[in-house]
Structure formats: structure tokens, C-alpha cells
Chemist: 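Questions regarding the structure given below will be posed in turn.
Here is how names work: the chains are called A, B, and so on, in the same order as the sequence lines, proteins then strands, and each is numbered from 1.
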Number of protein chains: 2
Amino acid sequence: MDNVPGGEEGGGIMAQVTIREVARTAGVSPATVSRVLNTSETVSPDLKERVLAAVRDLGYRPNSQARSLRTRATTVLGVIISDVTNPFFTAMVRGVEDVASAAGYSVVLANADEDLRKEQRYLEVAAAEQMAGVLLSPASATETSIDVLAERGIPVVTIDRRLKSADVDWVMVDNHRAAKEATLHLVEQGCRRIGFIAGRLGTTTGAGRLAGYRAGLRAAGLPSARELVVSGEFRIDGGREATERLLALPDRPDGLFVSNNLMTIGAVDALDTAGVRFPDDIALVGFDDMMPALSLRSQITAVSQPTYEIGRQATELLLRRVSGEPFPERHITLNAELKVRESSIRA
Amino acid sequence: MDNVPGGEEGGGIMAQVTIREVARTAGVSPATVSRVLNTSETVSPDLKERVLAAVRDLGYRPNSQARSLRTRATTVLGVIISDVTNPFFTAMVRGVEDVASAAGYSVVLANADEDLRKEQRYLEVAAAEQMAGVLLSPASATETSIDVLAERGIPVVTIDRRLKSADVDWVMVDNHRAAKEATLHLVEQGCRRIGFIAGRLGTTTGAGRLAGYRAGLRAAGLPSARELVVSGEFRIDGGREATERLLALPDRPDGLFVSNNLMTIGAVDALDTAGVRFPDDIALVGFDDMMPALSLRSQITAVSQPTYEIGRQATELLLRRVSGEPFPERHITLNAELKVRESSIRA
DNA sequence: CTGAAAGCGCTAACAT
DNA sequence: ATGTTAGCGCTTTCAG
């Protein structure tokens, strides 16, 4: 059993140990305790020792609310992501945490669930909690408003998606280019009627991928048929429903490009259910890798994003802002890579 | 463009609007503003009106640090989970959020990553931020310490796993029973050498499932061979490595039971790589469903947990504690269901 | 029904 | 080098 500080054993709700009590037991003033704990100002070794001992004995933990009320600064970064159940985002969090914790910051996540109201609520929480900085994958390029943060001078870096409603740093891949490349890959495989399952068009990601698909068709000299584009939420169900719609077409597509990983899962499900095989009946390409093994077994060709790296770089950028370093708006575009696998290869 | 409050347009870092400014513009005292905003005390309609108008015009947002420094209460729940990249946990978060937000609470997540130090750090963050309550899936049944929260009277409910180091409410499934059932299912399918891939044995979940597996063997009158049990981290790699070890055995197992979803992915990968087919060469059962489509395509028999329900009930319990309601320690055991699919069926 | 005043726990001037 | 004082923004007695 650990040595229980002060002998006050479990259960009881003890009052919080304050800096004054520490000061009293150490026989110094609160200011000295604070200096020992926070600053590099010189405190005599003797006092320092006594303070540290008191802190240990009493199990003192500074009240971070009081501290940041005073200093107007915290050591917590917020990450507001569009969907916690999407592996793409959680993988990114790894990169965020590694950089943040190396710099002494904690990371808390919030799930906006692609819902503008929830997103707004969490932006307000971040503001109210005076978080040091926020990483955000906005639910909408135009409707999301980061005013609450801007008003308080809390820096924001958007990840995966851009914001048209405000000028902020961002880190993402070139969705347009990647989608165009994927589309051309399908063309190369002989596809002539390529269906596209679009995600939330209100996001730059959703819109960019659609535009890339169209650019691909144009570059290949293929017509852009309206009925071949179906959009839905970035969810499994969205992908399934869209696929069903496309399969119901009198003239079925011979290729299918899906806007994100969750939608791809839905698409695969719908294809299976309908007995449509890939790549034989339809060549399939997705955006984003899934959980390792899913792509492994079903071998789905996909645009793979450097998720960890997005999180890492976004956080480094954010921390530079947090530290007050002034520099012009920074936009980082990372490379996405088309990983060609079985699902799109037609002999 | 939205009406910009006070005409102070974007960009500039405005100082925070305080309750005093609101009071001043409304021509009342700060106390009155506070009353209008927080209490049900009667304030004359006229003043109330003026206050609300001022709040709106100034875009006033209460500083939650100051408030909770004063009231010692927040409206934020913390969820400290063992691994954000595990769909099991993120699915649970859905249930948490639904209940919490219906009750007016926000939810922030932290990723302990099965690491005791990180976990401790986040417990401290939760304490320092005076969170109203915490849901925790402890990294260890014995080494995890929630003292920092207990000291401050912050209630904790553990999810998925129990804590032996403290008496707290918990919500989980009966791992022992579910694992025993799954093992017996494999026996029924004719398996006689059933390999078991164990997770972190330091967690009640990891240990409970192992015990259930052994109980199953015992009930079936099968010997419990030491070499058939391999343990690892609750990760994809852990599952892969453990499977490789089992496949290297001179007398290969004819059945395989894997302790969680991520490990199952690794196991499937290892089996594929080794060219071992299931259910033909080895009958496979996992714990936890994966992302819908993965199980769909690979049709893996698995113990399915009511993730949403675990999150929901745990949060309801937590909120009752938060409200100060006194009741004896509460333990909720939900039902897990063995979903028999192709991977374990031997004709 | 409303305002003045005190104080939550902490840190940063300012004294000494 | 250390202590005293003031005050971050808010809520809550206490007076009136």
C-alpha cells in the first residue's frame, strides 16, 4: 500500500489542500510556495526543501482553475473531432498526443459528431475552460464559427478540413489531387461509368474530393453524369444507402469511388448484400485506409492519408501559436498515397 | 454574415467580457446579473430584460474557471479510456454523450493508452479541472489509483473493468461467463486443443476472460495446457504475435479464442499470413465485435458486448453520484451475447 | 428585490 | 530572498 499522505485514509471527502496550508506547514508565505513550484526565481535551498516536503506530506495539488484564472493560461489542448468512432481521427490523435505530451500539455478530446450544435458547444467549453489551443476538424466550412475562441485569443488549427469562415492555420492532404488520381486509376482499369459516393459537401474535404473526381473524369475525357454522384453522411449507413442507389441505376456503374473509410465499409456491405463482386463486377476505390485488417482481408484500394503525421504537424503548429510566436497563416499540405490493392484491379 | 456583437469585428484579440461590464451596461450590479443567469430567484422583469439584452449585445460568456472556483462545481464529465483507437470504447462514448448532454453536461475524453503514467496524469487533470465526475476503464485493477479524485470527492464509475484498489461503482459484462460460454461453443464444434490469446492480465477484463476460458475447459473435461495460453497487449500486434506463437507449436491448436477485438484483427492477419484457414483449419472466436463490416466480411464469431448500453448506464450512475445522491456501491452486470458466425462453425 | 462586500485558490507586483 | 497585498471573474451571504 502506498504511503497515505498525512495518514488521512481513503473514503472521506477531504477538503482541498490549499497553497496556504502548505505555506503554513512549511513555515513560509504562499508566495514562496508558488515560487518554488512555478518559477525559476531563486529560493534558498532550506526553504525550498521545506516547501517540497510539505507539498509531499500534504499531497498538495494546485487548483488549476485558480491558477489559470490568475494567469489566463492552461496547459490543456482541446481536440474537437467530427466523429470519434472514425479510426481516421483516432489515429490522428496519436500524433497529437505524442507531440503535446512531449511539450508538457495534456490533450482532451471532444466528439462533435458532425453536428454543428454539438461542435459549437464544445468550442464554448474550450473557450470557457481557457484551453491553450484547439485542434478542430470543422463540421462545416462555412457555418462553423470559431469566434468564441478568436475573441479570447485561443489559437486554432484545423485538421483534415479547412474553414472558409475564418483564416486559420490548417494541416491536410490535397484532396482534389488525390481524388483525381484515384479516379484516373479507375479509368486506367477500364472503367467508363464511375460512380462517386460523396460525403458532406459542406466540408472542404467532401467538396474537394468531389471536385477531384470530376477533374479526373474531365482529364480522361469522360462525361460527368449527374446520376453517378450520390452523397450522404460520412458514415457507414451513408455509404450503404448511396451504394444501393447506384446499384439501382438502370445502367450500373463499372467503377465506384467512395469518399471515406466508413462509407466504404457501408459500400462493401451493400455490394455484398446485392451479390455484386469487386473487382469483377465493379472496381472499387475508397478514401482513407480502414483498420489495418479490414483492408488486409478485403484488400481494398484506397487513398491512404498520413494520419499520424497530420496530427503531429498540426500540434506542432498549434504549440507555436500557443507560445505566442507570430507568423503568417500557415497551411500544410501533406501527401496522400493511392494504395492499389485487389479491389480495383481488372485483369 | 452574423450580427457581430458590439461591432467589434473579427481578428482582434478582445479582452474577455466580464460580468461587471454586463452589469455596467445593464445598469445593475454584478450580483443581479449572476442571479438572472444562474438562479431561480425572482428578479424584476425589467432588470431581467436589460441584463439579458446586455449579455446578448456584449456576447458575454461566463468564465467557467471563475465560476467553478467559487462554486466548486463544473458541468464537465471526464472519460478516461484505455485506447481511443479501439472501437469498443468509442462506441461506448456514444452512450455516455447521449445521457450526459441530455442532462446538460459536456463530455471530454482522454486517452490513457493502457499506460499507468498517462492514466495518472489524466486523473490529475480531471481533479485539477474539478470535473463533476469521471468514467474510467482502468489500466490496472491493482495499480491504478483514483486517490486524487477521491480526495476531492469527485465520483468515479469504472466501465468495462473493475478496480481492486478501491470500492467504486462499475458497469461491465460478465467476462467469466461469456468466455466460458465461448469456450464451450468451440468444444461443441469439436475442438480439443483450444488456444487462448489473453490480454492484459492486470485488468479484471483480461483476467476474467482467461478464468472463463479455463472454467470452460474444466466444464468440458478438457485438460488445460499451459502452452495454449499466450498473453499480450490488447492491440493488433499483440494478437498477431500471440497467434504466431501458437501456430509455431508442434501440436497446433484446432480452436482459437481471442481476448478482444483488436487482438482478433491481429490474429486473423497472422492466420492469413500463415495460410491457416478458419474455420477449416482452426475454429475462431473473438471477444467484442469489430467495426460492422469487418465481422460482416470475415464473419467472425464473437462475444458481443452492449457497448452503447454500458456507456449509458455508467453515465446515469455517475450523474446520480454527481448529484450527491447517497446509495450503496452499485455494480451493474450487463449481458454479453455470443454471436455465432462462420469462423467457428465446423460441419 | 437589489446592491455591497467578501472570498474561492492562486500568482505577480510591490515592498522590504 | 521573502513576505504582503491585490485581484483574476465569479457567486453568495448579508444588509437594506
Chemist: Give a yes or no answer on whether the side chain of T315(A) reaches the backbone of G311(A) with a donor-acceptor pair at less than 3.5 Å.
Modeler: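 It does hold such a pair.
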Chemist: Going by atom types only, do D46(A) and S44(A) share a side-chain donor-acceptor pair under 3.5 Å?
Modeler: no
Chemist: Looking only at non-hydrogen atoms, find the nearest pair between T203(B) and A139(B) and report the distance.
Modeler: CG2-O, 3.3 Å
Chemist: Distance alone, cut at 3.5 Å: any donor-acceptor contact between the side chains of T144(B) and E119(B)?
Modeler: yes
Chemist: Considering all heavy atoms of both residues, which atom of T204(A) and which atom of R162(A) are nearest to each other, and what is their separation?
Modeler: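 Heavy-atom minimum between the residues: OG1-N, 2.8 Å.
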Chemist: Please confirm whether the shortest side-chain N or O distance from T42(A) to OP1 or OP2 of dA1(D) is below 4.0 Å.
Modeler: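 T42(A) to dA1(D) OP1/OP2: side-chain N or O found under 4.0 Å.
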Chemist: Can you pull out every side-chain hydrogen bond (donor to acceptor under 3.5 Å, both in side chains) where at least one residue sits in residues 125-138 of chain B? Sequence neighbours excluded, please.
Modeler: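 Qualifying pairs: S82(B)-S137(B).
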Chemist: Is N38(A) close to R67(A) at the side-chain level, that is, under 4.5 Å between some pair of heavy atoms?
Modeler: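 Yes, side chains in contact.
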Chemist: When the axes are fitted on five pairs at both termini, how much does the helix from dC1(C)-dG16(D) to dT16(C)-dA1(D) curve, in 10° steps?
Modeler: 50°
Chemist: Can a donor-acceptor pair be found between the side chains of N111(A) and Y122(A) at a distance below 3.5 Å?
Modeler: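 Absent: no donor and acceptor within the cut-off.
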Chemist: Spell out protein contact along nucleotides 8-16 of chain D as letters: B when the base is contacted, S when just the sugar-phosphate is, - when no protein heavy atom is under 4.0 Å; keep the 5' to 3' order.
Modeler: BBBBB----
